[in-house]
Structure formats: C-alpha cells, structure tokens
Amino acid sequence: MPYLRFKGFPEVFLEELTPKVVDEFAEIVQIPKEIVKIEQLPYQIITNTPLSVEILMFQRSQEIHDAIASCIHNILSEHGYRNVHIFFVILQRNLYYKEGRPLE
C-alpha cells in the first residue's frame with residue numbers, strides 16, 4: 001500500500017518503468033519503496049477510453065498529491081504518453097483492513 005494501477009499500457013513498458021516510478025513516488029510521499037505496489041489492470045475498450053493511472057492511497061496534503069501527479073505525468077511524457085488520466089482514490093485507515101482488523 002499504496003497501489004498504483006496502470007490501465008492500457010504495454011506490460012514490457014511498465015516493467016521497465018516500475019523502478020523509477022517506485023523510487024520517485026516513495027521519495028515524494030516519504031515512505032519505504034517496498035510498500036509501493038504497481039499493478040497493470042486488464043481492460044477491454046468498449047468506448048473511447050484513455051490510458052490512466054489510478055492511485056489508491058491514504059489522504060496526503062494537496063501539495064503531495066499534486067507532486068505525485070506531476071511526477072507520473074513527467075515520467076510518462078518522457079516516453080511519449082502525454083495524454084494520460086491520473087486520479088486518486090483516497091482510502092480511509094479505519095476502512096482499510098489487514099488480517100481482519102482496521103489499521104486504526
């Protein structure tokens with residue numbers, strides 16, 4: 001936790017990109033790299049669906065969220081992916097369970 005879920009990107013590209021994304025994300029959020037999870041979501045296009053990055057994490061300051069989105073956008077743009085939707089799903093500690101118990 002946190003989870004960064006990429007949708008619509010080639011698997012090989014994500015495997016190459018993962019170390020840099022994990023390093024920079026962990027630095028911005030000030031968390032250990034080992035807890036950053038990267039996932040590729042399978043999907044089937046039904047309508048015009050953009051590439052996206054969905055970030056599930058606990059609430060941070062607006063500045064931290066802005067820095068994460070900017071960092072991911074910059075990394076993806078360097079590889080030709082400029083029009084990617086990046087959005088956050090904010091989790092609540094009391095609704096996040098490990099071993100059947102809430103974190104708080």
Side-chain angles (χ1 to χ4, degrees):
M1 214 325 248
Y3 295 92
L4 286 76
R5 295 178 172 170
F6 290 78
K7 184 178 73 173
F9 294 90
E11 184 175 344
V12 173
F13 170 70
L14 286 180
E15 289 173 357
E16 293 172 5
L17 194 71
T18 292
K20 183 173 186 173
V21 170
V22 168
D23 287 346
E24 293 194 25
F25 184 94
E27 184 177 326
I28 292 168
V29 182
Q30 295 294 294
I31 58 174
K33 292 187 271 188
E34 297 77 29
I35 68 170
V36 179
K37 311 295 187 234
I38 303 287
E39 299 177 340
Q40 179 183 21
L41 295 179
Y43 79 113
Q44 180 179 359
I45 298 174
I46 306 291
T47 62
N48 187 14
T49 304
L51 299 175
S52 66
V53 180
E54 173 182 349
I55 304 166
L56 291 83
M57 63 185 287
F58 298 128
Q59 182 71 49
R60 299 294 200 283
S61 69
Q62 184 66 47
E63 292 78 20
I64 297 289
H65 291 289
D66 291 348
I68 292 167
S70 178
C71 173
I72 292 173
H73 171 76
N74 290 339
I75 292 170
L76 294 173
S77 291
E78 289 171 4
H79 293 88
Y81 294 100
R82 290 178 180 80
N83 191 23
V84 176
H85 292 207
I86 300 169
F87 60 94
F88 293 86
V89 176
I90 302 303
L91 304 174
Q92 295 179 10
R93 284 188 178 279
N94 63 327
L95 296 175
Y96 190 95
Y97 293 77
K98 287 179 89 172
E99 298 177 6
R101 303 162 111 181
L103 290 184
E104 286 191 332

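Below, each value reflects all heavy atoms present in this structure, side chains not excepted, and no hydrogens, waters or symmetry copies.
Contacts classified as side-chain hydrogen bond (donor to acceptor under 3.5 Å, both in side chains) and involving residues 47-59 (residues at least two apart or in different chains) are given here: Q59-H65. Residue pairs meeting the side-chain hydrogen bond (donor to acceptor under 3.5 Å, both in side chains) criterion with at least one partner in residues 82-100, sequence neighbours excluded, do not occur; the list is empty. Screening residues 2-12 for side-chain hydrogen bond (donor to acceptor under 3.5 Å, both in side chains) gives R5-E39 as the qualifying pairs, with residues at least two apart or on separate chains. Sorted by first and then second residue, the salt bridge (Lys or Arg N to Asp or Glu O under 4.0 Å) pairs involving residues 40-50 (not counting sequence neighbours) form an empty list.
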Problem set entry | Pair L76-L51, side-chain contact (heavy atoms from CB on, under 4.5 Å): steps then yes or no | CA-CA 11 Å; L76 294 173; L51 299 175; over 6 Å; no
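M57 and P2 make their closest contact through CB-CB, 3.6 Å (heavy atoms, listed as atom of the first residue, atom of the second, distance). Scanning all heavy atoms of the two residues, the minimum distance from A69 to I86 falls at O-CD1, 3.6 Å.
Residue Y43 is grouped with residue I38 when hydrophobic side chains (ILVMFWY) are merged at heavy-atom distances under 4.5 angstrom, including chains of intermediate members. M1 and L4 fall into different hydrophobic clusters, where Ile, Leu, Val, Met, Phe, Trp and Tyr side chains are chained together by heavy-atom contacts under 4.5 Å. Hydrophobic clustering (side-chain heavy atoms under 4.5 Å, transitive across Ile, Leu, Val, Met, Phe, Trp, Tyr) keeps F58 apart from F88. A chain of hydrophobic side-chain contacts below 4.5 Å, direct or via other Ile, Leu, Val, Met, Phe, Trp or Tyr residues, connects F6 to V84. A continuous path of Ile, Leu, Val, Met, Phe, Trp and Tyr side chains, each step under 4.5 Å between heavy atoms, connects I72 with I64, placing both in one hydrophobic cluster.
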Extract all donor-acceptor atom pairs below 3.5 Å that involve side chains of residues 12-30 and protein atoms in other chains or at least two apart in sequence.
residue	atom	partner	partner atom	Å
T18	OG1	L14	O	2.6
K20	NZ	E78	OE1	3.2
D23	OD1	K33	NZ	3.3
Q30	NE2	E27	O	2.4

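For P32, the side-chain contact (heavy atoms from CB on, under 4.5 Å) criterion is met by E34, I35, not counting sequence neighbours.
Taking CZ of R60 as the start and CD1 of I90 as the end, the distance is 9.0 Å to the nearest 0.5 Å. Rounding to the nearest 0.5 Å places CD1 of I75 at 11.0 Å from NE2 of H73.
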